[in-house]
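All values derive from a computational prediction rather than experimental measurement. All chains are named by letter (A, B, ...) in the order of the sequence lines, taking the proteins before the strands, and each is independently numbered beginning at 1.
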Amino acid sequence: MFTDFSTTSLRHSMRYPFNEIEPRWQKYWEENKTFKTGEDFSMPKYYVLDMFPYPSGAGLHVGHPEGYTATDIIARYKRMRGFNVLHPMGWDAFGLPAEQYAVKTGVHPAITTKQNVETFRRQLKMIGFSYDWDREVNTTDEKYMKWTQWIFSQLHKAGLAYMAEVPVNWCPELGTVLANEEVPEQIEKGFTVWRRPMRQWMLKITAYAERLLTDLDELDWPESLKEMQRNWIGRSEGAEVRFDIDATDDSITVFTTRPDTLWGATYMVLAPEHPLVDKVTTDAQRKAVAAYIDAASRKNDLERTELAKEKTGVFTGAYAVNPMNDERIPIWIADYVLMTYGTGAIMAVPGHDERDWEFARSFDLPIREVIAGGNVDEAAYTDTENGVAVNSDFIDGLGYTEAFEKVVVWLEENGRGRRKVNYKLRDWLFSRQRYWGEPFPIIHVKHPDGHEEIKLLPEDALPLTLPTVESYKPSGTGESPLATIESWVNTTDSETGLPAMRETNTMPQWAGSCWYYLRFMDAHNDEMFCDKEKEAYWGPVDLYVGGTEHAVLHLLYARFWHKVLYDLGHVSSKEPFLRLVNQGMILGEDGRKMSKSFGNVINPDDVIRDYGADTLRLFEMFMGPLEQVKPWNTKGVEGVHRFLNRVWRLFIKEDPEAATAEFDASIQDVEADTESLRLLHKTIKKVGEDIEALRFNTAISQMMIFVNEMNKKDVRPRAVMETFVLLLAPFAPHLAEELWRLMGHEATLAREPWPAFDPVYTVDDEVEVILQVNGKLRDKLLVAKGTAAADLEAAAKENEKVLAHIEGKTVVKVIAVPDKLVNIVVR
RNA sequence: GCGAAUGUGGCGAAAUUGGCAUACGCGCUAGACUUAGGAUCUAGUGGGCUUAGUCCCGUGGGGGUUCGAGUCCCCCCAUUCGCACCA
């Protein structure tokens, strides 16, 4: 022990000396490596993980410590329960803000990142979190990046990474493309985003769509979050149907979930970007079609959908043939059909699809009823439960399910289509035209015959690090600033000696966070991304806590990578995060979202300065249920601070003159009285159960009850008080450690066994039984626990107040529940 | 429009199995100590009342089940979040 404990003074007579206690214990923990995670694999393990932060320049926000305190309480509690606890922290340090700052100032993002990380680390240490800092990881660290690139190589080898010319979301202000998921955020910021074809790296997440969907069922995650992932994956069962184009050899394939309405298809619609558009358009319509396509290309998906009130479209002049009835139906193009979903083409059944109905009304196209039950003149009839097929040949009279099956069989037998499951989920656009990201371990080899070969760098060439650049500005051509560094870009293929160019795209921020939870298990391994034995022991994560903002992106991508690694035999579980909890956002004191513009931002540093870290921790947990959105309240902070002061005064003599802390005279080595024991054991039980269930607010209120009761006593049995300190420890570790030490213990309480409660003291031998007449409370009765129903009934019938209410009336029924109540029903 | 969650004092909230509604904290009121109190401690604090009674009402609104409903069922309203032409 190197820490100096000689000066616990009472300089601040009214408030306990948190500003001395806290830094001192933080120093002690650091020097003694109190929270270093052991590697005794015979112990039961518990892996409790926070979503690691992006170290922004603004520093820690009060929202961060909310989830972090929750996991820290769990970690400290589990350690005391004898678990080998893995509780690490790191940095998701690639990201746009550092790069944009670099563009503006010319300061290398690595420098900004390093400074920000230092701030974050210092702030987190000031709150007293029990992280094993020896396992700290940083996604921008070359040693970490090496394995991110290695995992990409595995994906590539597995055929899950490919390059494709795809319409991307191009943002001219940022000079980069965006993932679909990132678009709404940027538009909100006022940036423009439009479609532009570009050669991009894609990851084949769609190959895992089904498993990502079905495996959700096994996870202990919030239902709403699972629902969000289900919606994002968007599975729908239907059929692909091929429509011949009249007078040509071409055909249009559509996806439909309603093959039972095929006879009602009165026209077809292609997305404006559909490859067949150009081919089928007649000369007469060519001008109108071209104008329409041009207008559509200037809109993004959001404008084409959400903002479009009226349906627009243009006739191509061509006709298709309905395979069910050989009818000639017109082919239109319209931007309400998206190239990115299904086949980019639909059969329009205006009678039974709302969008098609609207479109048909706008353009005066025929609406035909093929499902009876509604009135297609007024609205599309889409009921699949009650509708019955009509005007539909061999399925007439059938309900949805039978009709669906029969049509699919017919399509397959006649070679006109097939059963098909379609997903909304699209492949993951994995490249960014930025500097501050992981370079792809890829070279484009130029063969003498002129063809280009995409080749992975050999494993021993990893990590491929970022070169220094003079300007961080996007090149403007759609390529990253890396493209301008010729000495870096031009290289040779070590295998063939042929000239090659490096890939100049970088990976998105999500890459590093897809596997960091694995790296924590074996943070310094230079031979592998994570040792197999360690992974088998630590994985999967038992509890993962973070915000809802990562509901679909990070959590879906990480699950995808995990499944790939599982398939390749690198990890032992199908899913990375067994249990997941979203902490609710903390609002400003005014009930609005904390924001600089509202001036309602609370800085954790200020709270720690004024009240101490233990108060910050305790208040964040006392505010309400973890999952809930709740407003900050400075008065509430003072409330929990008062509680901690009371705890201190329960033990320590109030004497402003004293140089060192001395025990209050009430702390005595006496045998505990039954009343204190009852209080203590009830508190042990409730605090333990509440921690397990993440109900920290009620655990704290029970400790407050304990303190309020003990406060009234002149004698506070030492053993009782000592046990209480252990209960408080996960919540207010600095104060608890200090009291523990003052009670004469040499070492930290971090691994003291969690107190056990004795059921003898948690149940009272006398209980209050409620006496009711007609369900209304009339009196209460104190009886021995377990008093028989018959005895309760007899006692109730002798009770004066009860008698007053049943006098002169007929007793119809008596309900007597032992230890609860007696209810006499009279008429 | 679709989906999910949530509605309890002046405020944050509790009530774990259908059994005392409002624990705990804030705020407020009164008192004690004090030169002082923005410290501390004690007591009180859902609403109503010509009968101040251990009376009546009371958990978003309406109905229902039950001896008994914040809790279970049905309908409605509000708020928040997510999705949104997904064929």
Checklist outcome for this item: Writing each nucleotide of RNA chain B 5' to 3' as (, ), [, ], | or . by Watson-Crick or G-U pairing under 3.5 Å yields (((((((..(((......[....)))((((((.......))))))((((...).)))..(((((..]....))))))))))))....
Item to check | Integer angstrom distance from the C1' of B:A4 to that of B:C41 | outcome: 48 Å
Item to check | Side-chain N,O (A:Asn645) to OP1/OP2 (B:A39) below 4.0 Å | outcome: no
Pairs: protein N or O with nucleotides 27-33 of chain B N or O, under 3.5 Å:
| unit_1 | atom_1 | unit_2 | atom_2 | d |
| --- | --- | --- | --- | --- |
| B:G27 | OP2 | A:Arg642 | NH2 | 3.4 |

Taking only nitrogen or oxygen atoms into account, show me every contact under 3.5 Å that the protein makes with nucleotides 1-10 of chain B, one pair per line with its distance.
none

Checklist entry - Can you tell me if the side-chain N/O atoms of A:Asn633 get under 4.0 Å from OP1 or OP2 in B:A13? => result no
Next on the checklist: Could you tell me if the side chain of A:Leu219 sits less than 4.5 Å from the side chain of A:Arg559, heavy atoms only?
Outcome noted: yes
Item to check | Under the side-chain hydrogen bond (donor to acceptor under 3.5 Å, both in side chains) test, residues paired with A:Gln702 that sit two or more places apart | outcome: A:Thr683
Checklist outcome for this item: Readout for nucleotides 15-21 of chain B: B = base within 4.0 Å of protein heavy atom, S = sugar-phosphate only, - = neither; 5' to 3' it is -B--BB-
Checklist entry - What salt bridge (charged side-chain N to carboxylate O under 4.0 Å, His left out) pairs are there with at least one residue in residues 336-353 of chain A, not counting sequence neighbours? => result A:Asp353-A:Arg355
Checklist entry - P atom, B:U59 versus B:U8: distance in rounded Å? => result 12 Å
Checklist entry - A:Lys311 side chain: which of B:A23, B:A13, B:C85 is closest? => result B:C85
Item to check | Centroid-centroid distance, A:Phe363 to A:Tyr267, less than 6.0 Å | outcome: no
